[in-house]
Amino acid sequence: NYNLTSARYYFASIYNSIDLSDSVEIDELNVSNLGHLVLNKDSSLSVLLNTNIQKGTVTNNGTFNSSALFVNEGTYKNENASSFLNQIEVNKGELINNGDITAGSIILKEGIVSGSGKFITDKFISEGSISPGSQNNPIGTLTFSSLLESKGDLLIDLNNINESDFIKVGKFKIDGTLTLNPLNTFYSGNSRFNIISFEEIEGQTFTKLNVLEPNFGRLNQKVIYMDKGIDLMLLNPSYENLVEKEKARSIGIHIDNFTN
């Protein structure tokens, strides 16, 4: 019973499955291999020093506090409120946020960030993949309170009823790849998707545009950079340029005028 004995140093190593329903304070936490820690609703865990997840999983449905979080080939899933005094570093792991995560800084070296929650931090630097939403609900919104520096991949899901993932950020430092994932097999031409909003931007354009599936057909993808956001348009193809014979080109011009 950790809470009834004082003046001790408690280092907890978890290699199996543990459900926590109480309020507990320890000094350091290590979740390894097949270890799985679940904080149930209304429970709380305070880690005075560092939390390390090495190929393990932590799921927080209550309140989790720690000095810092280091994830290496593991998973941290936040469904409520998590607070880290210093940094979060993710290396070959997964950070799932469907609540509020507060930290001094977050560095995604390799791995994926997903969910529909909010990151409250001075800076979020990503060299991995950011994908709003989840497997069950692929369309989602991720919010970044301050600076988001994207050096890796922004993965945006889109459906054919003009819904898409959305990223809301204070300052967006643009770089890396924009990857589009069409969820359906048919899309309408001249449709527009709002994918990112920001208060301030640094940089000009994404380095690369990538499409995972050929579901857009002949529709052209155009990224529109605005003062406070970024949109995507799926444009009808230029039928004039699809054909070679002069009569066909004249017909193509009429079709292009109509679709425009």
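FYI, the numbering just counts along the sequence from 1.
Put simply, the side chain of N137 never gets that close to the backbone of G133: no donor and acceptor are under 3.5 Å apart. N86 places no side-chain N or O within donor-acceptor distance of the main-chain N or O of G104, the cut-off being under 3.5 Å. The closest donor-acceptor contact from the side chain of D100 to the backbone of A81 lies at 3.5 Å or more, if one exists at all. The closest donor-acceptor contact from the side chain of S66 to the backbone of L49 lies under 3.5 Å. Between the side chain of Y225 and the backbone N or O of F206, at least one donor-acceptor pair lies under 3.5 Å. Remark: side-chain polar atoms of Y187 are not paired, donor with acceptor, to backbone N or O of L219 under 3.5 angstrom. One N or O on the side chain of N97 and one on the backbone of K118 form a donor-acceptor pair closer than 3.5 Å. The backbone N or O of N78 sits nowhere less than 3.5 Å from a side-chain atom of N60 that would complete a donor-acceptor pair.
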- Between I14 and V58, is a side-chain contact (heavy atoms from CB on, under 4.5 Å) present by the stated rule, with each step listed? CA-CA 10 Å; I14 297 175; V58 174; over 6 Å; no
- Give the C-alpha distance, both sets of side-chain angles, the deciding distance and a yes or no for side-chain hydrogen bond (donor to acceptor under 3.5 Å, both in side chains) between E79 and N98. CA-CA 5 Å; E79 296 290 342; N98 293 310; 3.1 Å; yes
- Under the side-chain hydrogen bond (donor to acceptor under 3.5 Å, both in side chains) criterion, do S134 and N136 qualify, and how do the steps go? CA-CA 5 Å; S134 63; N136 296 330; 5.4 Å; no
- Task: Assess whether side-chain contact (heavy atoms from CB on, under 4.5 Å) is satisfied between N215 and N184, documenting all intermediate values.
- Result: CA-CA 7 Å; N215 297 356; N184 303 104; 5.9 Å; no
- Task: Could you walk me through whether H36 and T59 pass the side-chain contact (heavy atoms from CB on, under 4.5 Å) test, one step at a time?
- Result: CA-CA 8 Å; H36 186 195; T59 300; 3.6 Å; yes
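When all heavy atoms of F198 and M226 are compared, the closest pair comes out as CZ-O, 3.7 Å. The minimum heavy-atom distance between N40 and S43, with the atom names listed, is O-OG, 2.5 Å. Nearest heavy atom pair, residue L142 against residue P132, reads CD1-CA, 3.9 Å. Taking each heavy atom of N236 and G189 in turn, the nearest pair found is OD1-CA, 3.3 Å. A103 approaches T121 most closely through the heavy-atom pair O-OG1, 3.0 Å. The two atoms that bring R218 and P237 nearest to each other are O-CB, 3.4 Å, heavy atoms only.
Ring pair F144/F124 is perpendicular by interplanar angle, where above 60° counts as perpendicular and below 30° as parallel. The aromatic rings of F64 and F84 sit tilted, their planes meeting at an angle between 30° and 60°.
Note: N220 CG to K222 NZ = 10.5 Å, rounded to the nearest 0.5 Å. To the nearest 0.5 Å, atom CZ of residue R192 and atom CG of residue D231 are 4.5 Å apart. The distance from the NZ atom of K77 to the CG atom of L39 is 13.5 Å, given to the nearest 0.5 Å. Here the OH atom belonging to Y10 is positioned 15.5 Å from the CG atom belonging to L29, to the nearest 0.5 angstrom. Going from atom NZ of K92 over to atom CD of E73 covers 5.5 Å, rounded to the nearest 0.5 Å. With rounding to the nearest 0.5 angstrom, the CG atom of L235 is 9.0 Å from the CD atom of Q221.
Both I174 and L108 are part of a single hydrophobic cluster, where members link through side-chain heavy atoms under 4.5 Å apart. A continuous path of Ile, Leu, Val, Met, Phe, Trp and Tyr side chains, each step under 4.5 Å between heavy atoms, connects V169 with V223, placing both in one hydrophobic cluster. If you chain together hydrophobic residues whose side chains sit under 4.5 Å apart, L20 and V47 fall into the same group. Under the 4.5 Å side-chain heavy-atom criterion for ILVMFWY residues, no single connected hydrophobic cluster contains both I26 and L85. Note: the hydrophobic cluster containing I156 also contains L232 (ILVMFWY, side chain heavy atoms under 4.5 Å, direct or indirect links).
Proximity of I112 to S131: side-chain heavy atoms (C-beta onward) are separated by under 4.5 Å at one or more points. F119 is not listed as a side-chain neighbour of L148, based on a closest heavy-atom distance of 4.5 Å or more. Residues L183 and I139 are in side-chain contact: their nearest non-hydrogen atoms beyond the backbone lie under 4.5 Å apart. At a threshold of 4.5 Å between non-hydrogen side-chain atoms, the residues D122 and S105 do not count as touching. Within the 4.5 Å cutoff, no side-chain heavy atoms of L154 are placed close to those of I195. No side-chain heavy atom of V71 sits under 4.5 Å from any side-chain heavy atom of N91. Counting heavy atoms from C-beta outward, I230 and F172 have side chains that approach closer than 4.5 Å. Residues L37 and L45 have side chains in contact (heavy-atom distance under 4.5 Å, counting atoms from C-beta outward).
Counted within 6.0 Å of CZ on R249, heavy atoms from surrounding residues, nucleotides or ligands total more than 12; the atom is thus considered enclosed. Enclosure of atom CG in D227 is not indicated, since only 12 or fewer non-hydrogen atoms of other residues, nucleotides or ligands lie within 6.0 angstrom.
If you check the side chains of T51 and Y76, you find no donor sitting under 3.5 Å from an acceptor.
Applying the side-chain hydrogen bond (donor to acceptor under 3.5 Å, both in side chains) test to pairs two or more places apart or on separate chains, those with a residue in residues 151-175 are D153-T179, D157-N181, N159-E163, K171-E202, D175-T207.
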